[in-house]
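Just below is one structure, and these are the notes that go with it.
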Amino acid sequence: MKLIPIILTSIVAALLPYGTAHAYPVKNNTLTANAIYSSGALDTTECPEKPIRRRNVKLAKTYVKAVVGCLNTTWAAQFEKSGQSFRGPKLKLATKPPTKFCALKWDQSEQDAYYCDESETIFIVLSNNLLDDPSDLYLFNLVSMEYGQHVQTLTDIYSDWQDLGFRNKKEYSEHSRRYELQNDCFGAAFLASVWKSLDRSSADWKLLLSYVKEWTDKDNGARTSIAYWMNQGFTTGDPGACNTWAASAKRVA
């Protein structure tokens, strides 16, 4: 059974104060007209998967580090095209989750991975559950999506989302969905950019999509929304197709 990677932010939703209300659509150029959107499709590169076997932590570490290396290469080139500053994230790998990460408690029953914006660190727990059947694209996509949060941090999307006012919890949840669905899309765009080198089939993509669609809730989005934004990224390979902040409310339900 695959676990759900839930985004870790430095401020928990329940603790967020109500701010100045913003009328729909979102009126924030960093979110709706970010330079990363006009940088074009990600360069097509090769990122062949390293060998990986069931519950083999050593191979899994090599696998994840290789994927992060590919992500660094791809996104560094993209940031150069967008004229934005780039730096790679830190990476921590363990077999058991820490009690706390990024100053918040780690929910051992639900999280495979966290990204911490404060330290710009991706933390992945290579548990027996995660590595029970690593032959699919779940781990590859998990790394890509955690990296997508790093992209959102570097482009100031994360910080401007945190500063975005909301009138009530319903509006806050919509903003959260815009953030998380964009992350889904960024991860899928990278997957598309290296797809030819993965020696995978359309069946592999459909299986991955079936996993991701199970992450649905009020802050992650409905199954149809998750599928829509994952397909946006995968069919275009372009961060510009991931502008959830300018999308209609229906598209981020």
Side-chain angles (χ1 to χ4, degrees), residues 6-42 75 78-87 89 102 115-118 120 145-190 215-253:
I6 296 179
I7 290 176
L8 177 71
T9 61
S10 58
I11 304 176
V12 184
L15 301 179
L16 281 171
Y18 288 172
T20 303
H22 283 250
Y24 176 79
V26 173
K27 294 182 179 180
N28 180 302
N29 286 339
T30 299
L31 299 175
T32 62
N34 201 283
I36 202 69
Y37 303 150
S38 57
S39 58
L42 298 176
W75 284 107
Q78 198 68 16
F79 273 68
E80 185 175 356
K81 289 192 287 183
S82 70
Q84 296 165 299
S85 298
F86 174 84
R87 54 189 175 274
C102 205
Y115 172 76
C116 180
D117 65 289
E118 293 179 356
E120 298 183 1
M145 290 179 65
E146 294 300 316
Y147 202 104
Q149 294 177 57
H150 183 60
V151 172
Q152 289 171 307
T153 292
L154 295 185
T155 54
D156 292 328
I157 290 172
Y158 171 81
S159 60
D160 277 45
W161 165 52
Q162 291 290 283
D163 291 338
L164 193 62
F166 55 94
R167 293 166 292 190
N168 48 49
K169 290 182 179 180
K170 181 178 180 181
E171 190 168 85
Y172 174 78
S173 292
E174 181 184 302
H175 293 166
S176 295
R177 291 194 297 273
R178 291 183 188 278
Y179 178 81
E180 300 218 27
L181 290 166
Q182 181 174 64
N183 176 54
D184 294 346
C185 187
F186 280 164
F190 170 73
W215 300 346
T216 181
D217 65 26
K218 65 179 181 179
D219 292 329
N220 288 314
R223 289 171 60 89
T224 53
S225 296
I226 292 171
Y228 175 81
W229 290 105
M230 286 287 289
N231 278 309
Q232 279 285 100
F234 188 69
T235 56
T236 66
D238 189 338
C242 301
N243 187 357
T244 57
W245 301 98
S248 68
K250 181 180 179 180
R251 281 297 183 199
V252 293

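- Every residue two or more places apart in sequence or in another chain that forms a salt bridge (charged side-chain N to carboxylate O under 4.0 Å, His left out) with Glu120 is listed here: Arg87.
- Here the closest heavy-atom approach between residue Ala249 and residue Glu174 is recorded as CB-OE1, 3.9 Å.
- With His150 as reference, Tyr115 is the one residue of Tyr158, Tyr115, Phe190 to meet the ring pair (Phe, Tyr, Trp, His ring centres under 6.0 Å) rule.
- Taking each heavy atom of Trp245 and His175 in turn, the nearest pair found is CH2-O, 3.5 Å.
- Residues in residues 221-237 take part in these salt bridge (Lys or Arg N to Asp or Glu O under 4.0 Å) pairs, two or more places apart or across chains: Glu214-Arg223.
- Residues Gln162 and Asp117 bring no donor and acceptor atom of their side chains to less than 3.5 Å of each other.
- The side-chain contact (heavy atoms from CB on, under 4.5 Å) search around Tyr228 returns Gln232, Arg251, not counting sequence neighbours.
- Taking every heavy atom of both residues into account, Trp229 and Ala241 meet most closely at CZ3-O, 3.3 Å.
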Stepwise, does the side chain to side chain contact (heavy atoms under 4.5 Å, CB included) test hold for Gln152 with Asn183?
CA-CA 8 Å; Gln152 289 171 307; Asn183 176 54; 3.6 Å; yes
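- Scanning for side-chain contact (heavy atoms from CB on, under 4.5 Å) contacts around Ala41 gives Asp238, with sequence neighbours left out.
- With sequence neighbours excluded, no residue satisfies side chain to side chain donor-acceptor pair (under 3.5 Å) with Thr236.
- No donor-acceptor pair under 3.5 Å is formed between the side chain of Asp156 and the backbone N or O of Ser159.
- Residues meeting the ring-ring contact (aromatic ring centres under 6.0 Å, His included) test with Phe234, sequence neighbours left out: Trp195, Trp205.
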Residues Tyr172, Leu164; criterion side chain to side chain contact (heavy atoms under 4.5 Å, CB included); working and verdict:
CA-CA 9 Å; Tyr172 174 78; Leu164 193 62; over 6 Å; no
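- The shortest heavy-atom contact between Pro239 and Leu42 is CG-CD2, 4.0 Å.
- At distances below 3.5 Å, not a single donor-acceptor pair connects side-chain atoms of Asn243 with backbone N or O atoms of Tyr37.
- Looking only at side-chain heavy atoms (C-beta outward), Phe166 and Ser176 stay at 4.5 Å or farther from each other.
- Residue Gly148 comes nearest to Phe186 through the heavy atom pair O-CD1, 3.9 Å, listed as atom of the first residue, atom of the second, then distance.
- Under the rule for a side-chain contact (heavy atoms from CB on, under 4.5 Å), the partners of Ser225 that lie at least two apart in sequence or sit in another chain are Leu181, Ala222, Ala253.
- Here the side chain of Arg178 pairs a donor or acceptor atom with the backbone of Thr244 at under 3.5 angstrom.
- Under the rule for a salt bridge (charged side-chain N to carboxylate O under 4.0 Å, His left out), Lys218 has no partner lying at least two apart in sequence or in another chain.
- Note that CZ of Arg177 and CG of Asn220 are 10.0 Å apart. Values are rounded to the nearest 0.5 Å.
- Contacts of Ser39 classified as side chain to side chain donor-acceptor pair (under 3.5 Å), with partners at least two apart in sequence or in another chain: Gln78.
- Partners of Glu80 according to the side-chain contact (heavy atoms from CB on, under 4.5 Å) rule, which considers only residues two or more places apart in sequence or in another chain, do not exist here.
- The side chain to side chain donor-acceptor pair (under 3.5 Å) search around Thr30 returns Asp160, not counting sequence neighbours.
- At a cut-off of 3.5 Å, with distance as the only test, a side-chain donor of Gln149 or Glu146 sits close to an acceptor on the other residue.
- Looking at every heavy atom in both residues, Phe79 comes nearest to Thr155 through CZ-CG2, 3.6 Å.
- Annotation: side chain to side chain donor-acceptor pair (under 3.5 Å) contacts of Asp184 (sequence neighbours excluded): none.
- Rounded to the nearest 0.5 Å, atoms CE (Met145) and SG (Cys185) are 10.0 Å apart.
- Inter-residue side-chain proximity for Trp161 and Asn28 is flagged as unmet; no heavy-atom pair is nearer than 4.5 Å.
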